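Please read the structure below before turning to the comments.
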2 protein chains.
Amino acid sequence: MPGKASQPSSNPDILQGTLDVMILRTLQRAESHGYAIARAIERGSGGVLTIEEGSLYPALYRLQKRGDLASEWRTTETGRRARFYKLTSAGRKRLVQEVDQWERLSAAVQRVLGAQGAGA
Amino acid sequence: MPGKASQPSSNPDILQGTLDVMILRTLQRAESHGYAIARAIERGSGGVLTIEEGSLYPALYRLQKRGDLASEWRTTETGRRARFYKLTSAGRKRLVQEVDQWERLSAAVQRVLGAQGAGA
DNA sequence: CATAATACCTAGAAGATCGAGGTATCCATG
DNA sequence: CATGGATACCTCGATCTTCTAGGTATTATG
């Protein structure tokens with residue numbers, strides 16, 4: 001096999017379990033539709049994250065089914081049909097919990113990774 | 001509705017994808033066996049994380065199969081049989097990459113969650 | 001002897017994400 | 001008008017990680 005020396009490796013676009021909370025946070029700022037939510041997260045991450053549509057739409061469906069989001073078809077400023085999502089009150093509560101959870105768990109990982117074996 | 005107001009909810013013990021890097025980091029400090037690795041991570045996290053054996057042993061197997069770890073049966077100080085793991089040179093490289101990946105991705109999530117809508 | 005702690009292992013289920021496909025509309029360009 | 005790109009949605013199947021829940025064996029303790 002010629003060429004193709006790249007390592008496909010494990011190249012996750014996002015940390016598993018963080019998509020939901022990022023969606024909720026994005027919608028806390030303003031109601032929005034799927035495509036725009038994805039672009040907003042990507043921009044907000046400084047271009048580090050990529051939101052795949054195959055992850056995004058199932059996540060939105062999941063969150064709505066769970067009662068954290070409500071949605072309706074509307075028209076964008078540019079005249080396109082799109083499904084707009086907004087947080088429900090349950091979603092607002094969930095957001096607070098999940099942000100807290102993220103802080104706790106990511107700080108814990110950081111401690112494990114960073115913990116100095118001993119002082120110099 | 002009597003009692004039982006607690007929500008079992010989604011209570012992941014760890015952030016998906018972080019177990020491997022925490023194992024590698026733990027073994028960078030000292031060779032160790034599975035059970036001790038789990039306890040070390042739990043201690044290192046300040047008691048926040050719980051390492052389930054059903055996650056731990058498959059992960060160790062995975063990492064060894066991948067070439068990041070080598071292992072051998074040995075006897076602990078307390079006279080017990082245990083499989084001791086240590087990093088291979090591939091494992092040391094992987095550790096550096098995965099720590100870097102973690103820093104990048106967790107910082108990105110942090111930006112998305114924290115991003116101020118606008119200056120005060 | 002019963003129990004807890006240490007120490008290992010596995011099978012099956014659940015859940016999230018990804019890759020790859022599909023549809024449709026709008027707009028610019030040639 | 002034909003083409004292609006961007007916008008906007010959706011879904012299926014595969015993959016991967018973790019959890020639940022079992023199991024074995026040894027050592028130490030009461």
Side-chain angles (χ1 to χ4, degrees), chain A residues 8-24 31-43 49-66 68-69 71-85 98 101-102 105 109, chain B residues 8-24 31-43 49-66 68-69 71-85 98 101-102 105 109:
Chain A
S9 71
S10 44
N11 218 46
D13 289 330
I14 63 174
L15 283 170
Q16 190 113 351
T18 61
L19 180 55
D20 289 9
V21 70
M22 291 192 292
I23 289 172
L24 294 173
E31 303 183 16
S32 187
H33 61 276
Y35 195 82
I37 293 169
R39 296 295 86 75
I41 293 175
E42 289 173 356
R43 258 185 287 109
L49 304 181
T50 301
I51 307 303
E52 299 292 341
E53 302 197 343
S55 308
L56 175 70
Y57 292 108
L60 289 171
Y61 178 78
R62 212 157 55 217
L63 288 169
Q64 179 167 5
K65 201 176 112 198
R66 208 189 260 164
D68 293 328
L69 299 183
S71 75
E72 59 175 344
W73 285 101
R74 249 189 258 166
T75 302
T76 67
E77 298 168 14
T78 56
R80 282 168 174 281
R81 223 167 103 278
R83 185 184 285 279
F84 279 75
Y85 292 88
E98 291 209 357
Q101 176 94 331
W102 161 257
L105 294 184
V109 172
Chain B
S9 74
S10 46
N11 218 45
D13 290 329
I14 61 174
L15 284 170
Q16 189 115 350
T18 60
L19 181 56
D20 289 10
V21 71
M22 291 194 292
I23 288 173
L24 293 173
E31 304 183 16
S32 188
H33 60 278
Y35 195 81
I37 293 169
R39 297 296 84 77
I41 293 175
E42 290 174 356
R43 258 186 288 111
L49 304 180
T50 300
I51 307 303
E52 299 293 340
E53 301 197 343
S55 308
L56 175 70
Y57 292 108
L60 289 171
Y61 178 78
R62 211 157 58 216
L63 289 169
Q64 178 167 6
K65 199 175 114 198
R66 207 189 259 166
D68 292 330
L69 299 184
S71 75
E72 58 174 344
W73 285 100
R74 249 190 257 167
T75 302
T76 66
E77 298 168 12
T78 55
R80 281 169 176 281
R81 222 166 107 278
R83 185 184 285 278
F84 278 75
Y85 292 88
E98 291 209 359
Q101 175 92 332
W102 161 258
L105 293 184
V109 173

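Each chain gets a letter, A, B and so on, in the order its sequence line appears, and its residues count up from 1. Just so we're clear, the structure is a prediction, and the values are computed from it rather than from any experiment.
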Just how far, in rounded Å, is [atom2] of [N] from [atom1] of [X]?
{"X": "A:Ile51", "N": "C:dG19", "atom1": "CD1", "atom2": "P", "result": "12 Å"}
{"X": "A:Leu19", "N": "D:dC16", "atom1": "CG", "atom2": "P", "result": "20 Å"}
{"X": "B:Tyr61", "N": "C:dT10", "atom1": "OH", "atom2": "P", "result": "8 Å"}
{"X": "B:Lys65", "N": "C:dC9", "atom1": "NZ", "atom2": "P", "result": "15 Å"}
{"X": "B:Arg39", "N": "C:dC8", "atom1": "CZ", "atom2": "P", "result": "10 Å"}
{"X": "B:Arg83", "N": "C:dA7", "atom1": "CZ", "atom2": "C1'", "result": "12 Å"}
{"X": "A:Tyr57", "N": "D:dC12", "atom1": "OH", "atom2": "C1'", "result": "16 Å"}
{"X": "A:Asp13", "N": "C:dA16", "atom1": "CG", "atom2": "C1'", "result": "13 Å"}

Side chain of [X]: nearest nucleotide among [options]?
{"X": "B:Ala82", "options": "C:dT17, C:dA7, D:dC10", "result": "C:dA7"}
{"X": "B:Asp20", "options": "C:dC18, D:dT17, D:dT11", "result": "D:dT17"}
{"X": "B:Tyr35", "options": "C:dA5, C:dC18, D:dT18", "result": "C:dA5"}

Is any side-chain N or O of B:Gln16 under 3.5 Å from a base N or O of D:dT17, one able to act as donor and the other as acceptor?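 In this structure, the two groups form a donor-acceptor pair.
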
Check whether any side-chain nitrogen or oxygen of A:Arg62 sits under 4.0 Å from OP1 or OP2 of D:dT11, and answer yes or no.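 Answer no for this pair, as no side-chain N or O of A:Arg62 is under 4.0 Å from OP1 or OP2.
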
Ignoring backbone atoms, test whether B:Ser55 places a side-chain nitrogen or oxygen under 4.0 Å from the OP1 or OP2 oxygen of D:dT17.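 No, B:Ser55 has no side-chain N/O under 4.0 Å of OP1/OP2 on D:dT17.
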
Nearest-0.5 Å distance, [atom1] of residue [X] to [atom2] of residue [Y]:
{"X": "A:Tyr85", "Y": "A:Glu31", "atom1": "OH", "atom2": "CD", "result": "13.0 Å"}
{"X": "A:Ile37", "Y": "A:Phe84", "atom1": "CD1", "atom2": "CZ", "result": "9.5 Å"}
{"X": "A:Thr75", "Y": "A:Arg81", "atom1": "OG1", "atom2": "CZ", "result": "8.5 Å"}
{"X": "A:Ile51", "Y": "A:Asp13", "atom1": "CD1", "atom2": "CG", "result": "7.5 Å"}

For every nucleotide of nucleotides 22-30 of chain D, 5' to 3': is a protein heavy atom under 4.0 Å from its base (B), only from its sugar-phosphate (S), or from neither (-)? ----BB---

Holding to salt bridge (Lys or Arg N to Asp or Glu O under 4.0 Å), I want the full list of residues that pass it with A:Glu72, two or more places apart in sequence or in another chain.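 For A:Glu72, the residues satisfying salt bridge (Lys or Arg N to Asp or Glu O under 4.0 Å) (neighbours in sequence not counted) are A:Arg74.
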
Anything under 3.5 Å between a donor and an acceptor, one on a side chain of residues 15-22 of chain B, the other on a protein residue two or more places apart or in another chain? List them.
from    : atom 1 : to      : atom 2 : distance (Å)
B:Thr18 : OG1    : B:Leu15 : O      : 2.6
B:Asp20 : OD1    : B:Arg62 : NH2    : 3.0
B:Asp20 : OD2    : B:Arg66 : NH1    : 3.4

Heavy-atom nearest nucleotide on DNA chain D for A:Tyr85 versus B:Glu52: which residue maps closer to 5'?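 Checking each residue's closest nucleotide, the 5'-ward one belongs to A:Tyr85.
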
Determine the contact category for A:Gly54: base if any of its heavy atoms lies under 4.0 Å from a base atom, sugar-phosphate if only primed atoms, P, OP1 or OP2 are that close, otherwise nothing.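 Base contact.
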
Do B:Ile23 and B:Leu56 have side chains that approach each other closer than 4.5 Å (heavy atoms only, starting at C-beta)?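 Yes, side chains in contact.
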
